[in-house]
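On a predicted model such as this, the values are computed, not experimentally measured, just so you know.
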Amino acid sequence: MNLQKRTPRQATAEARPVRRAGLALAAASLLVVGGTACESDGATPADGATPAGDAAPAASASTEPGDQAASPSDTASPTSGARSPDAEEDGTATSGEGDGPGKSSPDRTEKLVDGSEARITEVGEQHYVAKIVSKGAVVATLETDGHDAGLNANGMFVALTLGGDLASWMGNDHQGPGTFALEGDWKAKVTKVGELRYRAQIIGHDGVAGTLETDGHDTGLDANGVYIVLSNGGVISSHK
């Protein structure tokens, strides 16, 4: 085999391309490693991805009035304007008729001469209501509304004044028409003016001091501490 002898310069020239190729491979390896490191340190991601730290905030529910769903605590309470069954069972029942507008119990109760009772309620200035209750039932009602009130309850007379005073008695009655002496030196001139309608002039030392007139119901008067009742049947009675 013939071996061609090479000069040192030729050997060096041939070695240079190999060395350069090795350098190129090393540089390529560094670029690959460097590229991987750059991507992991925040290099720009592929198109369409959002950079870390610049992510768009999550979409929030609309806060416009009416757009936000009401929570259970924001919904109307089912007990508004209504009682629960437990409340109805625990509540104290009141009389179906009541004892005056806006009140569920009377201001006071008084015994009457026949054993029944009067439940008296003040409902305004010089405005009183008295319910006559017998055996648990309301049998009659008197009301002062600008004037005294009176009642003939089967021979028991009841008078209620503008001041809320109440009196009851039996007897001392007179059947009109006619003129009759009353308690306290008063006199009454009773006349019939219509069906179930009578008028009584209350006369004192100085003449007529007052007039009672029934208009479908009994009436009463406080004449300086003397209680007078005139019924729609023409019966008049007084009590001191």
Pairwise salt bridge (Lys or Arg N to Asp or Glu O under 4.0 Å) hits with a residue in residues 200-214, at least two apart: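 Matches after skipping sequence neighbours: R197-E213, R199-E213.
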If you look at every heavy atom in [X] and [Y], which pair is closest and at what distance?
| X | Y | result |
| --- | --- | --- |
| S116 | V133 | CB-O, 3.3 Å |
| G233 | Q175 | O-NE2, 2.9 Å |
| N232 | G216 | ND2-O, 3.7 Å |
| S231 | T214 | O-CG2, 3.4 Å |

Gap between atom [atom2] of [Y] and atom [atom1] of [X] - 0.5 Å precision:
| X | Y | atom1 | atom2 | value |
| --- | --- | --- | --- | --- |
| I203 | T211 | CD1 | OG1 | 9.0 Å |
| H217 | T219 | NE2 | OG1 | 6.5 Å |
| D148 | Q126 | CG | CD | 9.0 Å |
| K187 | S238 | NZ | OG | 13.5 Å |
| E110 | I132 | CD | CD1 | 10.0 Å |

Report yes if some heavy atom in the side chain of [X] is under 4.5 Å from a heavy atom in the side chain of [Y]; otherwise report no.
| X | Y | result |
| --- | --- | --- |
| N172 | H239 | no |
| Y128 | D107 | no |
| H127 | E143 | yes |

For F180, the rest of its hydrophobic cluster, which grows through side-chain links under 4.5 angstrom: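 Under the 4.5 Å side-chain rule, F180 groups with L182, W186, V190, Y198, I202, L212, L221, V226, I228, L230, I236.
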Same apolar cluster (I L V M F W Y, side chains within < 4.5 Å links), L112/V139: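 Yes: a chain of side-chain contacts under 4.5 Å links L112 to V139.
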Shared hydrophobic cluster for V113 and I120 (ILVMFWY, side-chain gaps under 4.5 Å):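 In one cluster: yes.
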Which donor-acceptor pairs under 3.5 Å do side chains of residues 153-163 form with protein atoms, sequence neighbours excluded?
from	atom 1	to	atom 2	distance (Å)
T161	OG1	G163	N	3.3
T161	OG1	G164	N	3.4
T161	OG1	D165	N	3.1

Side chain to side chain contact (heavy atoms under 4.5 Å, CB included) between W169 and V229, worked out: CA-CA 10 Å; W169 69 95; V229 170; 3.7 Å; yes
